[in-house]
Amino acid sequence: MEGRRAELLAGVVLAVLGALSLVEALRLRDDWQGARLMPGALGVVLVALALGHLISRAPAVAPAWPAAVGRARVAALLVGLVGYVVVLPLAGFLASTAVFVLALLRALRGGGWTRSLALTVLIAAGCDLVFRRWLGMPLP
Amino acid sequence: MDTLPFLAHGFAAALTPQNLLFALIGSVLGTLVGVLPGLGPTSGIAILLPLTAFLPPAPAIIMLAAIYYGAMYGGSTTAILVNIPGEVASVVTTLDGYQMARQGRAGPALAIAAISSFVAGTLGLVGLTFFAPPLADVALRIGPPEYFGLVVLSFSVVVSLSGPSLLKGLSAAALGALVALVGLDPMSGVRRFTYGTTTLLGGIDFIAVIIGLFAITEVLLSVEASTPAVSLAPLGKLMPPWSELRRCIATMLRATGVGFVLGLLPGCTPGAISFISYDIEKRSSKTPERFGHGAIEGVAAPEGANNATTSAGFVPLFALGIPATPALAVLLSGLMIYGLQPGPLLFEKQPQFVWTVIASMYVGNVMLLILNLPLVGLWARLVKVPYAVMAPLILIFSVIGAFSVRNSFVDVGMALAFGVIGYVMVKLGYPTAPLVLALILTPMLESALRQSLSMAHGSALVFVQRPLALVLIAVGLALTAWSLLARRRT
């Protein structure tokens, strides 16, 4: 049942993307052998695939979503990652990377603080040295 | 036949201490560029191009060429060990290479990648040495309709990459095609799917998508399970057994043929060619069900193909002055800085330079094999690094890799978004490989289709009137039908 629901949802997403593609094709001021060709053709394909999902009679495989603990871990990691990317231009590469690594090490590994701090310095300073100083990447 | 004496002179020059040193520096840097996700050979060569200004032409181009083919060797390392393709051409290596690593066979996977790269790279150089001018002439006769046929043929791979559900595989491919359309229209320059923003004008970068779909998705999956995705089993032997090596000989030869022939065609990228080579290997196998579950031929085929492609790319570059890939375009600018105009006269006017560079590529391939094989044990041990340490490293490399493409946090945001999309796709049973393939092929498809229609004044009959285009389209359709029938049988 859950598998069928996921397929219906995927069908709706594909239908929306197909509709967006068709609308974009119509919006472009060109002929159907020009700029409109690919968005138009792809829109038709996406709508056909959406219909395939919606009317499919093949047995649906249930999604392999994790248990509550697993979901929480994924959500926490994503929040941490987004936070890291947001803070990076503000706090600079070295500081934001150090905080991100330390948080991740504590969450995934636990154990003693000394070891976590040593690993944090090693990883953050190592990356800063290689990418920012040696390779000259314009990281903030 | 003047080739052999010229090649002998080339070797004499390539083996001088100065040229050997720069071939070595280029090989090491290329391997590093390949290992680091996001830092591809194009940017690697571009970054180092100004630094070579103080060098004479031969050592400078030797070093830049070595970065290019060295990156193809290095790209497989992270693809196999942590499911992050260091290079676009290594995306398909993750399919079986990473599975081998998870089964405790990272050593044999890395070793076969190095051996296959060496064999195909060297055989490709033999092709470059003896057939460059005539092959370049043939490649020049391939027009947009034939390219369209080639892309149709390449798209037939989607069926075999689709996994258990064809509908899901095709949907993933359609999503990839949609992503490829974002940005400026390649022919008329009109904005598509940008919705009034300027950030999407340059399109969604391929590297950001790959980093998201592979690296970030992989970390999310591992964190969710709270267990390392890599094997806890002993590493075992680092070299593949003779029985497997023997099985891979035919694979390497096929991959060389596919990679070299398609690599002659400007616009046929190593990424697309490695997918085609993988598909051919799967189709020709008596046990295709092993592919995607750690088949060693699934590593040998794409790695061989992308290295043969690299060698083949120098044929149109030297003989016609046409760069087949963006990295070779940067290399071409390097040649022009030195006043060397690639084209039919290059072999006549600058024989010493051309043959020195070609000879140095043979030497560079041997250097890369010598560098890579002893390192297999060291790299393979990386899978034993605790995941709590590996995960932050992968994520930091992902952020840096996505950022380095255009020095933009928009690309980093895209990588994060595709990380989530990849995670949801895996959970719902949608394969990610067709998305990547469609992302590579759609721009080629669109350009070839529209150029063909334009040259035929809008008539689609151009695909029937050009025999080679017709044959390629027919073979593509036949292979698709064959795959569909095979799916039905199983």
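Order of the sequence lines fixes the chain letters, A, B, ..., with proteins taken first and strands second; residue numbering starts at 1 for each chain.
- Of the atoms belonging to B:Val190, it is side-chain heavy atoms, and not backbone ones, that fall under 4.5 Å from chain A.
- In terms of non-hydrogen atom pairs under 4.5 Å with chain B, the most contact-rich of A:Leu14, A:Leu81, A:Val45 is A:Leu81.
- Residues B:Ala174 and A:Leu49 approach most closely at CB-CD1, 3.6 Å, considering heavy atoms.
- To the nearest 0.5 Å, atoms CG (A:Leu78) and CG (B:Leu220) are separated by 5.0 Å.
- To the nearest 0.5 Å, the span separating CZ on B:Phe403 from CZ on A:Phe93 amounts to 10.0 Å.
- Side-chain contact between B:Phe409 and A:Val86 is absent, with no heavy atoms from C-beta onward closer than 4.5 Å.
- Taking 4.5 Å as the heavy-atom cut-off, the residues of residues 112-122 of chain A that approach chain B are A:Leu119, ordered by number.
- Most heavy-atom pairs under 4.5 Å with chain A: of the set B:Leu428, B:Ile396, B:Leu449, this distinction falls to B:Ile396.
- Residue with the most contacts toward chain B among A:Pro63, A:Gly43, A:Pro66, A:Cys127: A:Pro66 (heavy-atom pairs, distance under 4.5 Å).
- Going from atom CZ of A:Arg27 over to atom CZ of B:Arg192 covers 10.5 Å, rounded to the nearest 0.5 Å.
- With a threshold of 4.5 angstrom between heavy atoms, B:Phe193 approaches chain A through its backbone and through its side chain.
- With chain B as the partner, the residue from A:Leu108, A:Val74, A:Leu20 showing the most heavy-atom pairs under 4.5 Å is A:Val74.
- Taking A:Glu7 as the reference, A:Arg4 meet the salt bridge (Lys or Arg N to Asp or Glu O under 4.0 Å) condition, with sequence neighbours excluded.
- Both the backbone and the side chain of B:Ser171 come within contact range of chain A, judged by heavy atoms closer than 4.5 Å.
- One distance of note links OG of B:Ser459 with CD of A:Gln33; it measures 8.5 Å at 0.5 Å rounding.
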Candidate pair B:Leu445 and A:Met38, rule side-chain contact (heavy atoms from CB on, under 4.5 Å), full reasoning
CA-CA 9 Å; B:Leu445 177 85; A:Met38 286 302 282; 3.8 Å; yes
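- Proximity to chain A (any heavy atom under 4.5 Å) is restricted, for B:Leu416, to the side chain, taken from C-beta onward.
- Summarising the geometry of B:Leu178 relative to A:Ser21, their closest heavy-atom pair is CD1-OG, 3.9 Å, with the distance given to 0.1 Å.
- Contacts of A:Glu24 with chain B are made by side-chain atoms alone, with heavy-atom separations under 4.5 Å and no backbone atom involved.
- In this structure, chain A has no heavy atom under 4.5 Å from any part of B:Val426.
- In this structure, the portion of B:Leu181 lying under 4.5 Å from any heavy atom of chain A is its side chain and not its backbone.
- Under the 30°/60° scheme for interplanar angles, the aromatic rings of A:His53 and B:Tyr430 are found to lie parallel.
- Annotation: maximal heavy-atom pairing with chain B below 4.5 Å, among A:Leu139, A:Asp30, A:Val69, occurs at A:Leu139.
- Chain A forms more heavy-atom pairs under 4.5 Å with one residue of B:Val389, B:Leu175, B:Val412, B:Val219 than with any other, namely B:Val389.
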Go through it in stages, so that I can follow the logic: the residues are B:Glu224 and A:Arg73, the test is side-chain contact (heavy atoms from CB on, under 4.5 Å), and I'd like the CA-CA distance, side-chain angles, deciding distance and then a yes or no.
CA-CA 6 Å; B:Glu224 162 207 299; A:Arg73 290 170 71 95; 5.9 Å; no
